[in-house]
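Here's the structure we're looking at; comments come further down.
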There are 2 protein chains.
Amino acid sequence: MANRRIRPERAYEPKGIDDLDLRILTELQTDARAGLAELGRRVGLSAPAVADRVRRLEETGVITGYRAEVDPRALGFPVTVMVRIRPAIRELQRIAEIAEEVPQIVECHRMTGDDCFFFVMHLRTVAELEPILDLFTPYGHTTTSLIHTSPVPRRPLPLG
Amino acid sequence: MANRRIRPERAYEPKGIDDLDLRILTELQTDARAGLAELGRRVGLSAPAVADRVRRLEETGVITGYRAEVDPRALGFPVTVMVRIRPAIRELQRIAEIAEEVPQIVECHRMTGDDCFFFVMHLRTVAELEPILDLFTPYGHTTTSLIHTSPVPRRPLPLG
DNA sequence: TATGAAAGCCTTGGGCT
DNA sequence: AGCCCAAGGCTTTCATA
């Protein structure tokens, strides 16, 4: 496969993070359950040294959490949907609040453009879609797309 | 906050997964580094019993991975972009291939609607945007939005 | 950052319900 | 099957340099 990596001038170099940190983060991004001793082996550090660095990365907000990723289909959520919303009136905050309150919505983002928000949700049936969309229609116009496949499933940030 | 949970008939009940599994998955979705003994304490099982269940959930594809989540801004990627693509010609496969080859793209999905794909990427500068979009323009029309905030940051599937 | 000791954890095997 | 218990070997942690 071709390599389409584009390397810009680095306009924004993170402070206080060195190559060893980046290697630890690369490991943890794909194998969050690796032990500290194991991480130390992979990057060439002792376990206590790795423990210190991981703790610092957590405390400074570089690492925001550790999550097991699950297959929604295997858990009874075969329908994945992406919804964009173009607010009809000045009710942007309301839209964010409703998204927060619907547990099927696993992420919601505010963005530039005509469509101010988009969110992704996992549903047990398509019948769930209508009542959820109806929560938003008072505040804007929705555009709904069913997600079929993921040519690039969620993957780590390219560090180092 | 109001509870907008909508409970449909469960058209699709996952087989071979019981409440204990769901509780383990709930824990791992927010705390993937929790030890087996700790997990056992939380769900009322011994460590070996938890180990068996976690191994089974991994082997059956329910758990697809464990990832540390990082803050792109803290790592020198202050620009997050969502791009939709409406293919101009029958080059759907080509678009998926290019997305795969651009490391800044952390996820890409195929969906229904006029815009067949959307992807999300993290950039070091806005200057990176143009050359990446130019990789796709031969194959379709792109719509680009900068993501400002995330009213609902990535959160677990609501299990149980 | 590495070392060494103590505490706690993971794994394995065996036996129970 | 699925779970618990117990023992050996590792890991993690904390003190110290």
Side-chain angles (χ1 to χ4, degrees), chain A residues 10 13-77 124 156-157 159-160, chain B residues 10 12-71 74-76 156-160:
Chain A
R10 298 202 170 181
E13 196 63 32
K15 300 291 180 205
I17 292 175
D18 63 15
D19 282 355
L20 246 19
D21 289 325
L22 295 180
R23 287 174 62 190
I24 292 171
L25 289 169
T26 297
E27 291 299 327
L28 284 175
Q29 277 193 104
T30 53
D31 184 12
R33 280 181 74 75
L36 298 171
E38 173 63 24
L39 287 171
R41 248 168 257 131
R42 294 185 199 166
V43 307
L45 237 43
S46 70
V50 175
D52 281 348
R53 283 169 178 269
V54 171
R55 193 177 322 111
R56 191 172 49 75
L57 291 167
E58 291 168 357
E59 285 167 358
T60 57
V62 176
I63 294 173
T64 55
Y66 302 98
R67 8 202 76 206
E69 216 143 274
V70 299
D71 178 1
R73 287 163 303 182
L75 290 162
F77 295 84
R124 293 191 183 276
L157 263 186
L159 303 175
Chain B
R10 298 201 169 182
Y12 185 101
E13 196 62 32
K15 301 292 180 205
I17 292 175
D18 63 16
D19 282 354
L20 245 20
D21 290 324
L22 295 180
R23 288 173 63 191
I24 291 169
L25 290 169
T26 297
E27 293 299 327
L28 284 175
Q29 277 193 103
T30 53
D31 185 11
R33 279 181 76 74
L36 297 171
E38 174 63 24
L39 288 172
R41 250 168 256 131
R42 294 186 199 165
V43 308
L45 235 44
S46 70
V50 175
D52 279 349
R53 283 171 177 267
V54 170
R55 192 176 322 112
R56 190 172 49 77
L57 291 167
E58 290 167 358
E59 284 167 358
T60 57
V62 177
I63 294 172
T64 54
Y66 302 98
R67 2 205 60 165
E69 216 143 274
V70 299
D71 177 1
L75 290 164
L157 262 186
L159 304 175

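Because only heavy atoms are used, hydrogens play no part in the values below, and waters and symmetry mates are left out as well, while side chains stay in. So that the names make sense, note that chain A is the first sequence line, chain B the second, and so on, each numbered from 1.
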Given the rule in the side-chain contact (heavy atoms from CB on, under 4.5 Å) test, do B/Asp31 and B/Leu39 qualify, once you have shown the distances and angles that lead to the verdict? CA-CA 10 Å; B/Asp31 185 11; B/Leu39 288 172; over 6 Å; no
Between A/Leu57 and A/Leu28, is any pair of side-chain heavy atoms under 4.5 Å apart? no
Identify, with sequence neighbours excluded, every residue that meets side-chain contact (heavy atoms from CB on, under 4.5 Å) alongside A/Asp71. A/Arg73, A/Ala74, B/Thr64
Show your working on side-chain contact (heavy atoms from CB on, under 4.5 Å) between B/Val50 and B/Leu20 and close with a plain yes or no. CA-CA 9 Å; B/Val50 175; B/Leu20 245 20; over 6 Å; no
For B/Arg53, all residues meeting side-chain hydrogen bond (donor to acceptor under 3.5 Å, both in side chains), sequence neighbours excluded: B/Asp18, B/Asp21
Taking all non-hydrogen atoms of both residues, which atom of B/Ala32 and which atom of A/Ala68 are closest, and how far apart? CB-N, 3.5 Å
When you check the gap from the basic side-chain N to the acidic O, do B/Glu58 and B/Arg55 get nearer than 4.0 Å? no
In residues 42-64 of chain A, what residues come within less than 4.0 Å of DNA chain D, judged by heavy atoms? A/Pro48
Whole angstrom value for the distance that separates P of D/dC3 from CG of B/Leu20: 7 Å
Who are the side-chain contact (heavy atoms from CB on, under 4.5 Å) partners of A/Pro48, not counting sequence neighbours? A/Ser46
Output all residues satisfying side-chain hydrogen bond (donor to acceptor under 3.5 Å, both in side chains) with A/Glu27, sequence neighbours left out; order by chain, then residue number. A/Arg42
For a 4.0 angstrom threshold against heavy atoms of chain B, report the outermost contacting nucleotides of DNA chain C in 5' to 3' order. C/dC9 to C/dT12
Return the angle between end axes of the helix from C/dT1-D/dA17 to C/dT17-D/dA1, with five pairs used per end and rounding to 10°. 30°
Check whether any side-chain heavy atom of B/Glu69 lies under 4.5 Å from a side-chain heavy atom of A/Arg67, and answer yes or no. yes
Can a salt bridge be assigned to the pair B/Arg56 and B/Glu59 using a cut-off of 4.0 Å between side-chain N and carboxylate O? no
Under 4.0 Å, heavy atom to any atom of DNA chain C: which of residues 34-41 of chain B qualify? B/Gly35, B/Leu36, B/Ala37, B/Arg41
Taken in chain and number order and not counting sequence neighbours, the residues that satisfy side-chain contact (heavy atoms from CB on, under 4.5 Å) with B/Gln29 are A/Val70, B/Pro156, B/Leu157, B/Leu159
